Amino acid sequence: MDMVFEQTHTITDIHVDAFGRVKPSVLLYFAQEAAGGHCAILQLDWDTLAKKDLFWAVIRQRVQVTRLPRRGETITVQTWPMPTTRTAYPRATVGYDADGNELFRVMGLWVLMNLKTRAMVLPGKSGVEVPGILRGNELAAPTSLVPALYGNSVTRKVNYTLLDRNGHMNNTHYMDWIDDLLPAVFHREHPVKDFTVCYQAEALENQEITLDWQLAEGGLLQVNAHREKTDVPDKTERVFSAQMQF
């Protein structure tokens, strides 16, 4: 069994920002597509797992950018599962340009969720085994981000087009929301170098999510997103947190 899966993508207008560079959300999309393609070969795709009332969800991701690909380029994306831990299925992804130069790396911590209860199912109790390998160029697993109070705030609503097959806001769209916190004039001169996203709870249709944020010295954007708890008045719960280094 080939444990390294490979895809190619030609960068088109739909993938890039106003300056012709691939958007951070699209880097997550490429990693997601590669993981999905590999899982299909491993017979661990959405349809197969749904028969067991399971689905894949990502809980943390870190992306390190060497260079953002540009419109018109053809890139190669490689992905492979790493050894399973007690709680998660780590997966590494690396993107290369046409000359074989590294463009970006992604480390994702994936878990299995129950389709009905929406609770996480530990690998030891899931019955799902994923053989993993180490190639030596994987990023370290992303750690959790400590919540903090930030001076800026904006509220967004989860609409229909943001939902994926699991019925919640797809992880790629979180990065679009984060990118939107800063204007085009900033992004023009500050391409992203590194970012981490931690997903604490599902974001469901019609929910309003508040993003508290700050742009610290040195070009570090920090975000903490939360919503009101439906079952506890005047209480909030974290939905996701992130930091981006420009």
Side-chain angles (χ1 to χ4, degrees), residues 1-7 27-63 77-94 105-145 158 162-175 196-205 207 225 227 229-231 237-242:
M1 181 186 297
D2 190 353
M3 293 307 298
V4 179
F5 179 77
E6 186 172 293
Q7 286 182 335
L27 298 181
L28 298 185
Y29 167 76
F30 288 153
Q32 177 180 283
E33 284 295 289
H38 199 192
C39 283
I41 293 175
L42 299 174
Q43 297 184 329
L44 296 171
D45 56 287
W46 196 94
D47 291 305
T48 301
L49 290 180
K51 296 174 182 177
K52 302 178 181 180
D53 289 329
L54 297 172
F55 69 93
W56 289 113
V58 63
I59 57 171
R60 294 178 194 167
Q61 288 177 301
R62 183 189 170 196
V63 179
V77 178
Q78 292 183 349
T79 188
W80 60 96
M82 296 169 59
T84 302
T85 70
R86 186 184 69 84
T87 57
Y89 299 84
R91 176 171 284 273
T93 306
V94 181
R105 298 184 186 189
V106 184
M107 168 58 70
L109 294 182
W110 293 82
V111 298
L112 286 167
M113 306 285 289
N114 185 285
L115 266 173
K116 296 178 180 177
T117 66
R118 316 304 274 191
M120 189 173 78
V121 181
L122 294 175
K125 297 183 179 181
S126 69
V128 174
E129 295 184 5
V130 181
I133 61 172
L134 294 173
R135 301 177 71 195
N137 62 340
E138 298 89 355
L139 289 176
T143 58
S144 60
L145 298 175
V158 181
L162 302 180
L163 306 179
D164 62 17
R165 200 173 182 184
N166 296 319
H168 58 211
M169 181 171 165
N170 187 267
N171 68 295
T172 62
H173 294 304
Y174 290 77
M175 286 312 305
T196 298
V197 190
C198 298
Y199 310 94
Q200 282 92 18
E202 292 183 287
L204 305 177
E205 186 176 13
Q207 289 182 338
R227 65 172 175 232
K229 289 180 68 71
T230 57
D231 55 342
E237 60 183 341
R238 295 175 74 196
V239 177
F240 70 90
S241 52

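What you are looking at is a predicted structure, and each value in this text was computed from that prediction instead of being measured. Below, each value reflects all heavy atoms present in this structure, side chains not excepted, and no hydrogens, waters or symmetry copies.
Here the side chains of Tyr89 and Pro123 are in contact, with some heavy-atom distance below 4.5 Å. Side-chain contact between Phe55 and Arg118 is present, with heavy atoms from C-beta onward closer than 4.5 Å. Gln207 has its side chain out of reach of Glu202: every pair of non-hydrogen atoms, C-beta onward, lies at least 4.5 Å apart. You'll find the side chain of Leu27 stays beyond 4.5 Å of the side chain of Met175, heavy atoms only. The side-chain heavy atoms of Leu163 and Val158, taken from C-beta on, include a pair separated by under 4.5 Å. Contact of the Cys39 side chain with the Trp110 side chain is not registered, since no non-hydrogen atoms from C-beta on lie closer than 4.5 Å. Side-chain contact between Phe30 and Gln7 is absent, with no heavy-atom pair separated by less than 4.5 Å.
Between the CG atom of Leu28 and the CD atom of Glu33 there is a distance of 12.0 Å, given to the nearest 0.5 Å. To the nearest 0.5 Å, atom OG of residue Ser144 and atom CD of residue Gln200 are 8.5 Å apart. Rounded to the nearest 0.5 Å, atoms NE2 (His168) and CE (Met113) are 8.0 Å apart. In this structure, CG in Asp53 is found 12.0 Å from CG in Leu112, a value given to the nearest 0.5 Å. Rounding to the nearest 0.5 Å gives a distance of 7.0 Å between CG of Leu122 and OG1 of Thr87. Rounding to the nearest 0.5 Å places CG of Leu42 at 12.5 Å from CD of Glu129.
Residues Thr84 and Pro90 share a closest heavy-atom pair of CA-CD, 4.1 Å. Between Gly136 and Glu138, the shortest heavy-atom contact is N-OE1, 3.0 Å. The two residues Pro131 and Met3 have their closest heavy-atom pair at O-CE, 2.8 Å. When all heavy atoms of Ala88 and Leu109 are compared, the closest pair comes out as CB-CB, 4.4 Å. When every heavy atom of Leu204 is checked against every heavy atom of Gly167, the shortest pair comes out as CD2-O, 3.7 Å. In terms of heavy-atom proximity, Met107 sits nearest to Ala140 at CG-O, 3.8 Å.
Counting non-hydrogen atoms of neighbouring residues, nucleotides and ligands closer than 6.0 angstrom, the CZ atom of Arg165 exceeds 12 such neighbours.
Using the six-membered ring where Trp is involved, His38 and Phe5 have ring planes that are parallel, under 30° apart on the 30 and 60° scheme.
Using modelled atom types, one side-chain atom of Arg105 and one backbone atom of Asn137 make a donor-acceptor pair closer than 3.5 Å. With hydrogens and angles ignored, the 3.5 Å screen pairs no side-chain donor or acceptor of Trp56 with any backbone N or O of Gly36. A donor-acceptor pair is defined here as one N or O able to donate and one able to accept, closer than 3.5 Å; no such pair exists between the side chain of Thr196 and the backbone of Ala242.
Between the side chains of Asn166 and Trp46, at least one donor-acceptor pair of N or O atoms lies under 3.5 Å.
Paired with Asn171 under the rule side-chain contact (heavy atoms from CB on, under 4.5 Å), one option of Tyr29, Tyr199, Phe240 passes, and it is Tyr199.
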